[in-house]
Amino acid sequence: MASAVSTPDFAFQQCIAPTCQATYSIDQALTSCPQCGALIDIRYEWDKLPLPKTLDDFKKQWQNRYSPTAFSGIWRFYDLLPFLPKDKIVTIGEGQTLLQKADFVAEFVGLTEGELYLQYEGMNPSGSFKDNGMSAAFSHAHMVGATHAACASTGNTSASLAMYSSVSNLMRAIIFIGSGKIAYGKLAQALELGALTVQLAGDFDDAMARVQEVSKSMGIYLVNSVNPFRLEGQKTIMFRVLEALQWQIPDWIIVPGGNLGNSSAFGKAFIELHELGLIDKIPRLAVINAVGANTLYELYEKRGLRWNKGNINTKVIDQYYQELDAKGKKASTIASAIEINRPVNLHKCLRALNTCNGVVREVSDQEIVDAKAKVGSGGLGCEPASAASVAGARLLREQGVIEPHEKIVCILTGHQLKDPTATVAYHTTDQENFDSVLGSRGVQRASFANRAISVPNDSEAIQKAIQLYS
Ligand SMILES: *Cc1c(COP(=O)(O)O)cnc(C)c1O
Ligand SMILES: [Zn+2]
């Protein structure tokens with residue numbers, strides 16, 4: 001355990017651009033390099049820190065469940081993200097998530113029985129994986145003495161921030177949302193949990209741009225995934241996946257891609273574990289975009305954009321964004337959590353794809369809602385964006401990129417109840433509801449709908465109907 005050392009001495013921030021690599025102290029709140037504008041990494045002088053000899057040593061934490069940091073699914077891996085003293089950690093028991101073997105979904109994806117696993121991050125206290133990153137960023141905000149924290153959000157980041165600020169009572173939460181673009185479950189959380197909610201006339205990309213300006217000029221701590229501490233927390237999703245697999249490395253990790261914080265964090269997790277000699281193989285990474293918000297797919301798969309040792313050809317990116325603007329093209333998908341055209345972690349994600357020999361795919365809203373129905377009928381359910389991972393797995397299997405016997409982990413990023421509107425519209429018998437929520441997105445059919453049966457208010461008729469349908 002690292003208790004004897006003041007760990008921040010061994011942690012620092014560093015610009016990811018190889019031409020710059022400027023370093024900064026850990027107690028600064030940076031979202032980009034002050035010298036060159038590139039993204040920032042959290043780095044550690046590992047050789048000066050106490051580290052486990054094997055990943056299995058983390059099991060010892062389970063014996064100490066009454067300690068909040070040992071109980072947390074993030075902070076029981078403290079040794080792998082020691083950027084703050086332990087007494088600054090803000091935890092509410094996040095990361096008690098589940099890796100589940102899902103044979104029913106494996107069949108749908110086209111995998112051999114026993115090879116598909118679903119990582120249910122919707123089991124986090126605010127119902128999405130965002131709590132992994134928020135616990136880390138919020139703790140850092142606490143460490144640097146912030147009084148206000150802000151984010152732009154398609155919903156889950158704001159729900160998570162609202163939760164940490166109301167539970168801890170350490171900071172005021174300010175959330176920026178686009179108009180009409182937030183799923184009801186998520187908006188309900190932000191409002192009920194007491195966050196100051198700023199609804200602006202624009203979409204997520206607009207909200208993201210404004211929150212960066214406003215927090216800079218007002219000195220508000222920004223917790224969007226440009227915040228490098230978020231990604232430190234999100235690394236632990238991979239640690240828990242490996243832990244659940246008894247430290248076996250799967251062949252593939254498949255994750256939906258929005259702002260690309262998760263995929264970036266996963267890449268960082270694997271490169272660090274590998275460098276530390278704690279794993280000997282790195283899984284492949286597949287990042288799945290929605291067709292209506294497919295910037296990464298377009299740049300990586302169509303235009304050949306690569307990490308290229310950090311010398312990213314930013315002209316290709318600028319050119320693409322100019323094309324989007326010229327066409328007036330806005331992100332549009334039923335998977336609102338990935339309805340993002342200008343992913344802020346693009347550069348880090350390219351690095352992760354390089355580390356993990358990655359691929360990127362796009363899936364349609366039809367494929368997303370059908371995959372979501374399959375996930376739901378096979379178990380615990382997820383929100384639309386999460387199902388993109390399963391739809392993507394199926395596509396990669398169809399294309400022969402994934403073999404039937406390979407071990408696959410799909411990350412289910414958010415809880416089923418986050419977006420009841422999409423779920424009810426899929427299973428509804430009300431064509432108007434279907435058309436307005438899903439038809440308008442180009443979804444033509446609900447291939448796996450579980451429709452309610454209408455019965456008269458009469459017990460004999462009900463019994464007949466049950467006999468007929470069950
Ligand atoms: C935020 C979010 C995503 C996108 O994750 P990124 O790290 O931004 O790529 C996907 N699914 C859900 C449910 C989310 O809340
Ligand atoms: Zn720099």
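In each ligand, atom 1 is the first atom listed, and ligand 1 is the first ligand listed.
- Residues D251 and E115 are not in side-chain contact: their nearest non-hydrogen atoms beyond the backbone lie 4.5 Å or more apart.
- Of all protein heavy atoms, the one lying nearest to atom 12 (C) of ligand 1 is T413 OG1, 3.2 Å.
- Of the heavy atoms in I338, only side-chain atoms (C-beta onward) come closer than 4.0 Å to ligand 1.
- Between the side chains of R342 and T295, no donor N or O sits under 3.5 Å from an acceptor N or O.
- Under 3.5 Å, the side chains of E94 and S72 contain a donor-acceptor pair of N or O atoms.
- Under the side chain to side chain contact (heavy atoms under 4.5 Å, CB included) test applied with I368, the options I288, V363, V291, V443 reduce to a single match, V363.
- Near G257, meaning under 4.0 Å from any of its heavy atoms, are these atoms of ligand 1: 9 (O).
- Taking the centre and axis of the six-membered ring of F58, the NZ or CZ atom of R76 falls outside the cone set by 45° and 6.0 Å.
- The aromatic rings of Y164 and F138 sit tilted relative to each other, their planes meeting at an angle between 30° and 60°.
- Residue E383 has at least one heavy-atom neighbour below 4.0 Å for each of these atoms of ligand 1: 13 (C).
- No side-chain N or O of Q234 forms a donor-acceptor pair with one of K268 less than 3.5 Å apart.
- Side-chain contact annotation: N156 with K418, donor-acceptor N/O pair under 3.5 Å present.
- Annotation: side chain of P228 is not in contact with side chain of L30 (no heavy-atom distance under 4.5 Å).
- Atom 14 (C) of ligand 1 has its closest protein heavy atom at K130 NZ, 2.8 Å.
- In terms of protein heavy atoms, atom 8 (O) of ligand 1 is closest to N259 N, 2.8 Å.
- Between the side chain of D41 and the backbone N or O of R43, no donor-acceptor pair lies under 3.5 Å.
- If you look at the Zn ion (ligand 2), the protein N, O or S atoms less than 2.8 Å from it are C15 SG, C20 SG, C33 SG, C36 SG.
- Considering backbone and side-chain atoms together, N156 places an N or O closer than 3.5 Å to an N or O of ligand 1.
- The protein non-hydrogen atom at the shortest distance from atom 5 (O) of ligand 1 is F129 CZ, 3.5 Å.
- In this structure, a donor-acceptor pair under 3.5 Å is present between the side chains of R240 and N132.
- Against a heavy-atom cut-off of under 4.0 Å, G414 is close to the following atoms of ligand 1: 13 (C).
- Atom 7 (O) of ligand 1 has as its closest protein heavy atom N262 N, 2.8 Å.
- The distance from ligand 1 to the heavy atoms of A385 drops below 4.0 Å at these ligand atoms: 11 (N).
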